[in-house]
Amino acid sequence: MPNLRAAKKDLRQSKKRQERNELTYTKLRDLMRQTRKSADAKDVKKTEELVKTAIKTLDKAVKKGFMKKNTVSRRKSILARRLNETKKA
């Protein structure tokens with residue numbers, strides 16, 4: 001347990017950040033999973049909505065410094081590819 005006042009504050013801040021990051025990761029993971037399921041079910045309309053939401057969330061993650069730009073770019077590419085495959089089928 002930290003003794004200094006600043007160290008205690010830093011511990012509180014890092015706990016808040018950790019909770020916020022876990023929520024964001026969970027949200028993204030769920031969106032990716034839902035998108036994959038709707039794409040497998042060939043539901044074009046639902047897949048488009050989910051991809052749109054996922055891309056917004058990924059862009060916000062980059063903006064806030066939560067995820068790296070290339071990681072988000074790769075994930076967006078995967079989502080777009082899945083959407084296009086669903087549209088073709």
Side-chain angles (χ1 to χ4, degrees):
M1 199 61 205
N3 293 324
L4 298 177
R5 197 168 140 205
K8 289 178 183 176
K9 179 179 179 180
D10 187 44
L11 183 66
R12 285 194 310 269
Q13 287 177 331
S14 66
K15 283 184 180 179
K16 278 185 186 176
R17 288 186 191 116
Q18 181 184 7
E19 288 175 11
R20 192 176 317 129
N21 290 345
E22 285 175 359
L23 284 172
T24 307
Y25 268 129
T26 305
K27 184 178 180 182
L28 281 170
R29 202 178 316 120
D30 289 345
L31 279 170
M32 297 292 275
R33 189 177 299 130
Q34 288 173 356
T35 305
R36 191 175 345 111
K37 284 183 180 179
S38 69
D40 290 343
K42 310 290 186 213
D43 187 0
V44 178
K45 191 171 182 180
K46 186 175 181 183
T47 305
E48 282 180 338
E49 283 180 28
L50 289 170
V51 166
K52 198 177 204 181
T53 308
I55 287 175
K56 278 184 187 178
T57 309
L58 287 167
D59 287 338
K60 285 181 185 177
V62 169
K63 186 178 177 185
K64 293 185 179 206
F66 173 69
M67 293 177 82
K68 293 190 176 186
K69 185 175 72 169
N70 288 344
T71 304
V72 169
S73 182
R74 185 179 64 246
R75 290 189 180 182
K76 285 166 58 174
S77 172
I78 291 168
L79 287 170
R81 192 174 28 195
R82 279 210 184 104
L83 178 62
N84 289 336
E85 287 171 1
T86 306
K87 284 181 178 179
K88 282 183 182 177

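- At a threshold of 4.5 Å between non-hydrogen side-chain atoms, the residues K27 and D30 do not count as touching.
- As a member of the Ile/Leu/Val/Met/Phe/Trp/Tyr network built from side-chain separations under 4.5 Å, L58 groups with Y25, L28, M32, V51, I55, V62, F66, M67, V72, L79, L83.
- Legend: residues meeting salt bridge (Lys or Arg N to Asp or Glu O under 4.0 Å) with K76, ordered by chain and number and at least two apart, are D59.
- Shown here are the side chain to side chain contact (heavy atoms under 4.5 Å, CB included) partners of A80, two or more places apart in sequence or in another chain: there are none.
- To the nearest 0.5 angstrom, D43 atom CG is 8.5 Å from E49 atom CD.
- Counting only heavy atoms from C-beta outward, the side chains of R5 and K9 never approach each other to under 4.5 Å.
- Its side chain within the 4.5 Å cluster rule, L50 clusters with L31 among the Ile, Leu, Val, Met, Phe, Trp and Tyr residues.
- Identified under the ring-ring contact (aromatic ring centres under 6.0 Å, His included) test for residues 70-89, with sequence neighbours left out: none.
- Applying the salt bridge (Lys or Arg N to Asp or Glu O under 4.0 Å) test to K87 and every residue at least two apart in sequence or in another chain returns E48.
- By the side chain to side chain donor-acceptor pair (under 3.5 Å) test, S38 is found to be paired with T47, residues two or more places apart in sequence or in another chain being considered.
- Pairs engaging residues 14-23 under the side chain to side chain donor-acceptor pair (under 3.5 Å) rule: Q18-E22 [sequence neighbours left out].
- Atom CG of N3 and atom NZ of K8 lie 7.0 Å apart (nearest 0.5 Å).
- Evaluation of the side chain to side chain donor-acceptor pair (under 3.5 Å) rule for Q13 yields no partner, not counting sequence neighbours.
- Considering only residues two or more places apart in sequence or on other chains, R36 meets the side chain to side chain contact (heavy atoms under 4.5 Å, CB included) condition with R33, D40, R82.
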